[in-house]
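In what follows, chains are A, B, ... by sequence order, proteins preceding strands, each numbered from 1.
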Amino acid sequence: MTDSSGNEVKFEGSNFLRQRLILSLLSGKPIKVTRIRCSEDTPGLNEAEVSLIRLIDKITNGSIISVNETGTELEFQPGLLVGGNVSHKCCNIRGIGYYLEVLLNVAPFCKVPINATLRGATNHTMDPSIEIMKATAIPVLNNFFLFDKDVELKVVKRAMNPNADGEVLFKCPISRKIKAVQVLKQGKVKRIRGIAHTTKVSPALGHRMCFAAKAVLMKCIPDVYINVDHSKGVKTGSSPGYGIILIAETTEGISYVAETMSYPVNPDLPPPIPEELGQEAAFKLLEEINSGGCVSSCSQSLVFLLMALGEKDVSKYVTGPLTPYSIQFLRHLVDFFGLKFHLQPDTTETEDIGHEFGAPKVRLTCVGVGIKNLNKRVL
Amino acid sequence: MKMADVTADLDKKKSHRERHSGRKADKKKSKNQHVQELTAKQRNPKAFTFNSVVKAERKTQDIETKKQHIPLIDRTPLEPPPVIVAIVGPPKVGKSTLINCLIKNFAKQPLTSIKGPVTIVSGKKRRLTLIECNNDINCMIDVAKVADLVLLLVDASFGFEMEIFEFLNICQVHGMPRIMGVLTHLDALRHNKALKRKKRQLKHRFWTEVYPGAKLFYLSGQIHGEYMRNEIKNLGRFISVMKFRPLTWRTSHPYILADRMEDLTPPDLIRQNPKVDRKVSLYGYVRGVPLNKINTVHIPGCGDFRISDVSMLPDPCPLPDKTGKRRSLVEKDRYIYAPFSGVGGIVYDKDAVYVELGGSHSHKEEVKEQNEVENSLVTSLLDTQETLDVQMARSQMKMFSGSAPISAEEGIRRREDMDADGKVLMEDPDVEGENSGEDRGIKIGEKLIMDVDGRVRRMVLFQEPDVEGENSGEDEEEYEEDESSEEEESNVTSDKKKALKKNGDDRLTFKPPWANVNGDDEEENKVQTNGENSLKTSLQDSQVNLDDQMARSETKIVSGSDPISAGKFNKERGNTIREELVMDVDGRVRRMVLFQEPDVEGENSGEDEEEYEEDESSEEEENNVTSDKKKALKEKGDARLTFKPPWLKNKEATDDDDSEDEVKKLPSKDSKKPSRSMGIRDAERKLLKEMGVSDEKIEPNNFDDSDEDEAMERAASDEGDSSDESDEGSSDEEVSGSDNESDRESRQKVGWKSKKQDRTAEIEKSVDGYRTVSSNKDKDIHGKVCDTLAQLEEMECSQDDSEMNSEVSSNEEDEAMKEEDEDSDEDEDMEESATRWKEDLAKKASNAFYEHQNSISKLRSLVYGNLSARLRKEESDGSEKEAEEEVGGLFHIVRQKQHKKAEEKFALDGIDTVINLNQKPQNWLEEGKIGSILDCFVTGKWGESENAEDLLKLDDLKESDDESVYGDFEDLETGEKHSAKPSKGDTEKELEEGEDNVKEEKNIKNEREHLAEKKRKLKEKFNAEYDEFGRGGGDKSFYEELKQEADMQSKINKSAFEDLDDSERVLLEGYRPGMYLRVEMDSIPCELVTNFDPTYPLIIGGLLPGEENVGYVQVRLKKHRWYKKILKTRDPLLLSLGWRRFQTLPLYSKLEDNLRNRLLKYTPEHVHCMAHFWGPITPQTTGLLAIQDADFRIAATGSVVELDKSTCIVKKLKLIGTPLKIYKKTAFVQGMFNSSLEVARFEGAKIKTVSGIRGQIKKALSKPEGAFRATFEDKIQLSDIVFCRTWYKVDVPQFYNPVTSLLLPPELKNSWRGMKTVGQLKRERGIKALPQNDSLYTPIVREPKVFRPLVIPKSLQKELPYKTKPKIRTKQPGIQDKRIAVVRDPHEQKVAALMKRIKATYVHKQNKLKADMRKRMTEHQKLMKLEEERRTRNEKRVRKQICRSKSKRSDSKSVGKRKT
């Protein structure tokens, strides 16, 4: 048996820690990360990362985690994913999306279906909000697995920073293996939906954001409907804030998403103007539509992961321009699985001359590594 | 059967012979005539018809669904690897003969000695790898894991042997390959009837084991030591058309059956430390799924390893070209490839060429003695003597290979015993035991039968009724056995002289296995005759001899190709190549050909003593060459043609092309570059390494020969110029070809790449130039120069590379991050005003971002380009300066630096988020912007095929067509005629446009036609789809859908990377099955190489990610029915799981209904149980096999259920306590726990008394430590024992010991010993378990129970009635108490006696009287009875008369009355 040292994958720096942890968990290869913020004022792992590692510890069995004194070195030897009922208090430096992305990636490979309750900031400027993940990641999961509508992602309590005490419920069934998929058609945007959410502020702000966004979007398509969601009472946290989430659906069932939100209350800064937020969100959505592809840009890495882990068959996927995060993910896939994707500019859509489809698309082709869920019990 | 029995048989009387014909026989026949048995269904068919239509329908559906299998995705590649055909069977059953015959059948060329796998082309589309499996259980398991088809050989004259059933069971566990039975030795059965019966009997047994209807082949007998030709031909035909179903394990794991092995360790290291870890390259076809280089591999019998390098080699045994129309194979396409057996001719490696010499052992000696030059020849001869002895011992071992645990010495000893005493002694205790202990009421039995030649065979006895009947019948069945026993007898009775003689013969005729070339003997003799000579001269001699031999012997490399004279070959290459004798792992000597300049070689020879001999020889060769130079040169032309394996033809053809051509071609093939260049660089490095065996750096300046030097320099400069020119040309081309300036950077990169590629191409060419002997001298020199230049260039190249890469990557990183700066070397930016610069910031950034993702190479370098740069990090530091210089200008440098820092910081400690935080959206409200994405919405334009508007238009067209040109409908479909008829179907639109423009009209018409065609296609498609799946309600069945999906997927799999080059494809999907690979591995234990035995399969099994780890494995397991013992928990057990074989300590458990795993001490007899052990993580449902040394070696089978990092097995533990004090329902219990803390842990736990009263633990007491208060459902007794039932977790020991059977020396290969069981240890050391005192049997003494008197309370007594009241009687002294013994005087005695007599007579009289009276009474009663009867009779009669008269009277009266 090979000892873990020969198998270990080494990294430097704190960036992309989540990717590394996810891939380590799924490939069974231990990782060692050094030079984590070694030259910064606050060296070592930050609170959110520690919280994330604790969460991973909760859903695995037999993981060995060791961090050096300064926190600048992390060694992680993955155990087997167990899942089950998990309740976790997330650090507020990052939103719940930060943690949820990890769970989404590993949840189908657990021994027991995961049933997680995460507490923290549901909407965060640095991380996608829950609604966005629901709109983008879950259809992707459903696409690669056979389960249908069993994935549950619910915002029990919406909350924003500074004292975010929101709550999110996440349930995901488990699967034995992943099928290879070929998704090459993105379709055309048929409708745009949205949520303008406000907590602890005047509900009118929601309407203002909504109108501003509509003003832009109506130029493209008439079917725009934005719901104004003013949460109060037990369904909301204790900090004020507002934001808008826009989701564009295509005829092929693919969603493009965009969001903007107010930053945490700061006595030095005036609160952002809702109209500007609305317009910016609309612009972002158009940008996203411009990028196009069969998956929204924030879920590209999930798609790549599932393509990579599939059976030893060919998967194809068309995406928009690759984001830095997903590019790094592709590189990490080489490190962990030795898997390279075949990248081609996608030409099928642009064959129709004179049609404007926005940015050039990328077609990714790969042969899965043939991983099966080693944790599931068969009886 | 024991020999003693045989001798006893001799004395037996002649047995009864049954009549087969004649009167008696007829009589017997008629007595028990055979009546055909009818089944119930045949007898009464009406009872079995169906009654219900519904049921009938259901039944048909059931049958239909039973036929369905889950559709598997077909992953077989277009050119599949050879099919592995394993020939399996007990010893002496004819395996080698069959292989030989099959090879002869397919390849038309017999092999003298077969070791290891043999690959042959069997047909236009199929190749076979034949492999023989010996009876080592390890070998059987490994073979079963890789074989696609198993030929199971059965000695029909003997019946099934245990090995066959063991192998079948192994197969079943590891995914059933196709199995075909082959019956041999059928000619031993002389009677036709017996033969028939035997065949039938064996066939049915085989069917029950494999599947009903499994193919069983009959090989009727041998002629001249070969099977019948047509039978073999048929068998071959069967093999080559057989289809295979994909097996789960193999379609998810890559594997290679190695058919060649080379030790690449520098000999120097081995010399320093013979036990040093080796670097080994293994060769073989990839099978299963594509092999990924990064994955760990497992070599069964050796361990886990990481692949250090993989390279593709040309197929050594290629399929014939598909171009020919012929259905049969052409003679020259019948390749055979078996490097272990010494077939394959010249083998091309990536860094060397191996010429097969067929293994002459004289070379072996030489190689040995190269290390110890001072040794005299005598010692060497002694050495050979010794090895021969060893070989002898081994050969004797092989005679006994059937009996597993016999060591070599033992074997010899036994033989000696036999010789001395003239009788066979059975020494094997367990063999005897088996004889006595067979058939213990179990369905099968094993019978060890000793053969004529001392072979022990393991016969399987089935106690099936029919077989039994046959056995119990007459001796006809045992005819063969009798015969054999007779033979045995004769053997035994024959004098020992004969036996001795036979042994002697054995010794004499023994030949080492590698001595298969006729030249060997000569060689040896020569060496021996030169005994007095010093070693050097002798070696020289032999060298010369060898060369001569080489020259004389014309080796036929591949059947069909022209024979090549070795001498020619050597002479040709004289000055360019150097040969090195390499001793192979299996003792075979191979001459490795190394490409090298003569001068470098000279240096080597000058410096290095070890290679003295070789150098000398090569020098000799050189001299030879120089003398015959002209001749050799002349010969070269045609020599090249002959010395060319077919797979190299293409390569050479390309090599013949001009270099300029190459240069022109290459830039277009951008994508191939990195991998190819890498490969070549590797090759170069290897080559250099090989050249520098003496551990010295070869510097190009160190050339001795001045002439040569000059020539070289000249050539070098030429070379450099030309390459530079070509570089420039190519880059110029690139520049002129493009127009977009923003791309310059990337172009530059391409330029660089092309430059690099040119160089690599040059290198490649030079290498190729070496390989194929170039036709003229100039070219030769040119090649040499190139080679030496290669290093320099390569260094340069790599530097350039790294520069380029770092640059490119850094730039790309910029864009990827969308930092606001544009490309640094763009001058335009500088000129532009600051405001504009700021304005377009976001747009430009995003544009740059998009632009860099719109071509393959850009995309790839964007994503993976960084990767190669990262690998060469150390080099990049040096190149930084240059990059800065290139930029020029202070501003730029600073920015670059800052930028680099920022980038590095981002890469290290950027914010880890999927959202692009830096990206600011464009203002889409600006004019014209939104237009660029309008078509992304449903409201935008649609594609031709899906645009609703177009479709509508089409419909309109159709209608108008229908109206106007209804009759010419066919025209529309054919399309050709349509153009001839002008403007028949004009629409209103066209009319409006006007008839003036004919061209436009035509255009429109064309378009219309086009549309119509499209529509027709659409409709066809729809119809096809509808018709295909429309039957039965309109929707596809679930199964059909699945099937279709699987088909689609397999099609996509095949077509996805079809158009890519192999070198590129390999990077994307791994080395796909069917490729011939060279797999290099470091740190292989030296024993694998030194103890290598090609007859043991060497498998490289690929592991998927995660499978290289260890953990707790939970399996469902069942003891095999034929394994006679049960398995004990925690006893070491050998398991075979996945690729691995290992020893571990399993714990057995029973999975209870609440999913609790309760520990079992032993496996249950006939049901499954769970087993937990510490072992390799293997996917669920993988088969598992447990092996133990016994008569039936397979102990258990099972499959993996779950994997985890912890286990939960529990065993029951009862805590016992005693009541301390008892209240009504509360009691204080003590002795169960030791402290109140423990009690606290168990508060609320259920407890119970032995008498069955249930209760609960309440709270700890303070006083006696560990006591507690408990409540019960009833009052308990003080004598009760209270117990608490708990579960105790048992740990699974972390013991995982891989079986390293391949590392053992050949003669001990099947005697791998791991951890011993406790039982084994005790037996070995004579330790007996000391029983506990209380479990010993002692005589039980029971004292009689004394009950205490019954005491009734006074109050109760009072209540009782008088009757039951105990009477208080003061006992009066009665007469009895005072009775005195009376002594009578004689008179009184007389009186008493008289009285007694009188009394007796009186009594007698009375009795007699009574009896008489009784007699009288009965007689009287009888009389009275008679009297009574008479009386009643009379009375009856009288009464009758009276009544009669009365009635008469009354009648007359009535008559009278009537009358009156």
Subject >> Check against side chain to side chain contact (heavy atoms under 4.5 Å, CB included), B/Val938 and A/Thr250 >> reply: CA-CA 8 Å; B/Val938 281; A/Thr250 71; over 6 Å; no
Of the backbone (N, CA, C, O) and the side chain (C-beta and beyond), which part of [X] lies under 4.5 Å from a heavy atom of chain B, both, or neither?
{"X": "A/Glu288", "value": "neither"}
{"X": "A/Phe283", "value": "both"}
{"X": "A/Lys372", "value": "side chain"}
{"X": "A/Phe341", "value": "both"}
{"X": "A/Asn375", "value": "backbone"}
{"X": "A/Ile192", "value": "side chain"}
{"X": "A/Ser63", "value": "neither"}
{"X": "A/Arg191", "value": "neither"}
{"X": "A/Asp223", "value": "neither"}
{"X": "A/Gln279", "value": "side chain"}

What's the spacing between [X] [atom1] and [Y] [atom2] if we round to 0.5 Å?
{"X": "A/Lys190", "Y": "B/Phe937", "atom1": "NZ", "atom2": "CZ", "result": "14.0 Å"}
{"X": "A/Cys220", "Y": "B/Leu934", "atom1": "SG", "atom2": "CG", "result": "6.0 Å"}
{"X": "A/Gln186", "Y": "B/Cys936", "atom1": "CD", "atom2": "SG", "result": "6.0 Å"}

Against chain A, label [X] side chain, backbone, both or neither, depending on which of its atoms sit under 4.5 Å from a heavy atom there.
{"X": "B/Ser1050", "value": "neither"}
{"X": "B/Phe1142", "value": "neither"}
{"X": "B/Val289", "value": "side chain"}
{"X": "B/Glu1045", "value": "neither"}
{"X": "B/Ile73", "value": "side chain"}

**OP:** Run the numbers on A/Leu374 and B/Ile1177 for side chain to side chain contact (heavy atoms under 4.5 Å, CB included), then give the verdict.
**Re:** CA-CA 8 Å; A/Leu374 288 174; B/Ile1177 299 279; 3.7 Å; yes
**OP:** Evaluate side chain to side chain contact (heavy atoms under 4.5 Å, CB included) for A/Phe337 paired with B/Asn295, printing each intermediate quantity in order.
**Re:** CA-CA 7 Å; A/Phe337 294 112; B/Asn295 287 351; over 6 Å; no
Original post:
Which heavy atom of B/Ala1056 sits nearest a heavy atom of A/Val314, and at what distance?
Top reply: CB-CG1, 3.5 Å
Contact winner vs chain A - [options], heavy-atom pairs under 4.5 Å:
{"options": "B/Asn923, B/Thr1181, B/Thr939", "result": "B/Asn923"}
{"options": "B/His253, B/Lys1205, B/Gln1180, B/Met1048", "result": "B/Gln1180"}
{"options": "B/Asn292, B/Asn1053, B/Ile294", "result": "B/Asn1053"}
{"options": "B/Ile1052, B/Leu1104, B/Val1200", "result": "B/Ile1052"}

Original post:
Do A/Lys312 and B/Thr251 come within less than 4.5 Å of each other through their side chains, counting heavy atoms only?
Top reply: no
Original post:
If we only count heavy atoms from C-beta on, is the A/Ser14 to B/Asp912 side-chain gap below 4.5 Å?
Top reply: no
Subject >> From CA spacing to verdict: side chain to side chain contact (heavy atoms under 4.5 Å, CB included), A/Leu322, B/Val863 >> reply: CA-CA 9 Å; A/Leu322 304 174; B/Val863 176; 3.7 Å; yes
**OP:** Could you tell me whether A/Lys376 and B/Glu1202 have a side-chain N and a carboxylate O separated by less than 4.0 Å?
**Re:** no
Original post:
Are A/Lys111 and B/Asp1204 ion-paired here, with the side-chain N under 4.0 Å from a carboxylate O?
Top reply: yes
Original post:
Are the side chain of A/Ser27 and the backbone N or O of B/Pro1105 linked by a donor-acceptor pair below 3.5 Å?
Top reply: no
Original post:
Does B/Tyr864 have A/Lys340 sitting over its ring (NZ/CZ under 6.0 Å from centre, angle to axis within 45°)?
Top reply: yes
**OP:** Would you check if there is a donor-acceptor pair between the side chains of A/Gln182 and B/Gln1049 at a distance under 3.5 Å?
**Re:** yes
